[in-house]
Chemist: 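Starting off with a structure, shown below.
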Amino acid sequence: MARIVLTNAQITINSVDLSSFIASVTLSTSNEVVDTSAFSSTAARTRVAGLSDNSLTLEFHQDFATSSVEATIFPLIGTNTTVVVKPTSSAVSAVNPSYSCSAAVVEWQPLSGAVGELATASVTWPISGAITKATS
């Protein structure tokens with residue numbers, strides 16, 4: 001089984017490739033657990049998967065230049081925007097799938113860091129709807 005070291009992930013937000021400004025990415029999905037236990041259950045609960053709850057966490061290296069991080073994200077606050085994440089910048093394939101979603105830009109941390117440190121911005125955005133995976 002092949003292993004992958006993330007050195008060239010590609011992340012586009014609102015059609016802007018911000019990969020060179022992103023230090024980490026986490027795309028998460030989980031499902032609620034719905035209890036289906038009834039009197040006929042034999043002393044053990046039964047369950048099914050419920051609604052998905054998806055989120056996207058990004059850590060940016062902040063940049064205030066035109067067409068960069070701040071110029072792309074700040075106008076999106078309070079809206080949903082399309083985000084596409086790929087393990088590498090290569091073409092989409094079975095070994096380099098793309099994950100597309102509609103992220104709710106509900107938080108933004110324009111500046112974080114201490115003296116002498118890199119200015120960063122970390123966010124976790126909930127995803128509205130499903131994550132779509134493409135392999136071609």
Chemist: Return the set of residues passing salt bridge (charged side-chain N to carboxylate O under 4.0 Å, His left out) with Asp53 (not counting sequence neighbours), or none when no residue passes.
Modeler: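 Listed in chain order: nothing, the list is empty.
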Chemist: For Phe64, look at atom CZ and say whether over 12 heavy atoms of other residues, nucleotides or ligands are found less than 6.0 Å away.
Modeler: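 Atom CZ in Phe64 is crowded, with more than 12 foreign heavy atoms closer than 6.0 Å.
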Chemist: Just wondering, do Leu18 and Ile73 contact through their side chains at under 4.5 Å, heavy atoms?
Modeler: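 Yes, their side chains come closer than 4.5 Å.
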Chemist: Going from OG on Ser89 to CG on Asp17, what distance comes out if it is rounded to the nearest 0.5 angstrom?
Modeler: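 Interatomic distance, Ser89 OG to Asp17 CG, rounded to 0.5 Å: 8.5 Å.
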Chemist: For the residue pair Ala71 and Ala65, what are the closest heavy atoms and their distance?
Modeler: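 Minimum heavy-atom separation between Ala71 and Ala65: CB-O, 3.8 Å.
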Chemist: Rounded to the nearest 0.5 Å, how far apart are OG of Ser55 and CG of Leu27?
Modeler: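 Going from the OG atom of Ser55 to the CG atom of Leu27 covers 7.5 Å.
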Chemist: Within a strict 4.5 Å, meaning less than it, do heavy atoms of the Thr120 and Glu59 side chains meet?
Modeler: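 Yes; the side chains approach each other to less than 4.5 Å.
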Chemist: Are side-chain heavy atoms of Glu107 and Thr124 found at a separation under 4.5 Å?
Modeler: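 In contact.
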Chemist: Please report the C-alpha distance between Val105 and Val123 in whole Å, then the side-chain angles of each, then the deciding distance to 0.1 Å, and finally whether the side-chain contact (heavy atoms from CB on, under 4.5 Å) criterion is met.
Modeler: CA-CA 9 Å; Val105 183; Val123 297; over 6 Å; no
Chemist: Is any side-chain heavy atom of Val16 less than 4.5 Å from a side-chain heavy atom of Thr72?
Modeler: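 Yes; the side chains approach each other to less than 4.5 Å.
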Chemist: Using distance alone, with no hydrogens and no angle criterion, decide if Asn31 and Ser52 have a side-chain donor and acceptor under 3.5 Å apart.
Modeler: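 The answer is yes; a qualifying pair exists.
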Chemist: Please determine whether residues Ile77 and Val106 belong to a single hydrophobic cluster, defined as Ile, Leu, Val, Met, Phe, Trp and Tyr linked transitively by side-chain heavy-atom distances below 4.5 Å.
Modeler: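 No, separate clusters.
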Chemist: Could you grab the distance from atom OG of Ser122 to atom CG of Leu58, nearest 0.5 Å is fine?
Modeler: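 Ser122 atom OG to Leu58 atom CG measures 9.0 Å (nearest 0.5 Å).
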Chemist: Side chains of Thr132 and Ser100 only: does a donor on one sit below 3.5 Å from an acceptor on the other?
Modeler: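 Checked: Thr132/Ser100 side chains show no N/O donor-acceptor pair below 3.5 Å.
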Chemist: Without hydrogens or angle criteria, can the side chains of Thr57 and Thr26 be said to hold a donor-acceptor pair below 3.5 Å?
Modeler: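 No, Thr26 and Thr57 have no side-chain donor paired with an acceptor closer than 3.5 Å.
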Chemist: Within the structure provided, determine whether Ile13 and Thr81 are in side-chain contact (heavy-atom separation under 4.5 Å).
Modeler: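 Answer yes - side chains close enough.
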Chemist: Find out if a path of hydrophobic residues (ILVMFWY) with successive side-chain heavy-atom gaps under 4.5 Å connects Ile11 to Val92.
Modeler: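 Different clusters.
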Chemist: Could you check if a side-chain atom of Asp35 sits within less than 4.5 angstrom of a side-chain atom of Val48, using non-hydrogen atoms only?
Modeler: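 Side chain of Asp35 against side chain of Val48, heavy atoms only: no contact under 4.5 Å found.
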Chemist: Supply the atom-to-atom distance His61 NE2 to Phe21 CZ, rounded to the nearest 0.5 angstrom.
Modeler: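 Going from the NE2 atom of His61 to the CZ atom of Phe21 covers 10.5 Å.
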Chemist: Where the side chain of Gln62 meets the backbone of Leu111, is there a donor-acceptor pair that is under 3.5 Å apart?
Modeler: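 No, Gln62 side chain to Leu111 backbone: no donor-acceptor pair under 3.5 Å.
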Chemist: Between atom OG of Ser112 and atom CG of Leu118, what is the distance when rounded to the nearest 0.5 Å?
Modeler: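 Output value for this atom pair is 10.0 Å.
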Chemist: Is the shortest side-chain heavy-atom distance between Trp108 and Pro110 below 4.5 Å?
Modeler: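 They are in contact (side-chain heavy atoms under 4.5 Å apart), so the answer is yes.
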Chemist: So, taking the atom named CD1 in Ile127 and the one named OG in Ser102, what distance separates them when rounded to the nearest 0.5 Å?
Modeler: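 So the CD1 of Ile127 and the OG of Ser102 are separated by 8.5 Å.
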Chemist: Counting C-beta onward and ignoring hydrogens, is there a side-chain heavy-atom pair between Pro97 and Pro87 closer than 4.5 Å?
Modeler: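 They are in side-chain contact.
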Chemist: Hey, are Ser90 and Asn96 close enough side-chain-wise for a donor-acceptor pair under 3.5 Å?
Modeler: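 No - no donor-acceptor pair under 3.5 Å links their side chains.
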Chemist: Verify the distance criterion only: is there a donor paired with an acceptor across the side chains of Thr29 and Asn54 at less than 3.5 Å?
Modeler: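 Result is yes, a qualifying pair exists.
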Chemist: When the ring planes of Phe60 and Trp125 are compared, do they come out parallel, tilted or perpendicular, using 30° and 60° as the limits?
Modeler: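 It falls in the tilted class, 30° to 60°.
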Chemist: Out of Val85, Val83, Val84, which one pairs with Thr12 under the side chain to side chain contact (heavy atoms under 4.5 Å, CB included) rule?
Modeler: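 Testing Thr12 for a side chain to side chain contact (heavy atoms under 4.5 Å, CB included) against Val85, Val83, Val84 leaves exactly one candidate, Val84.
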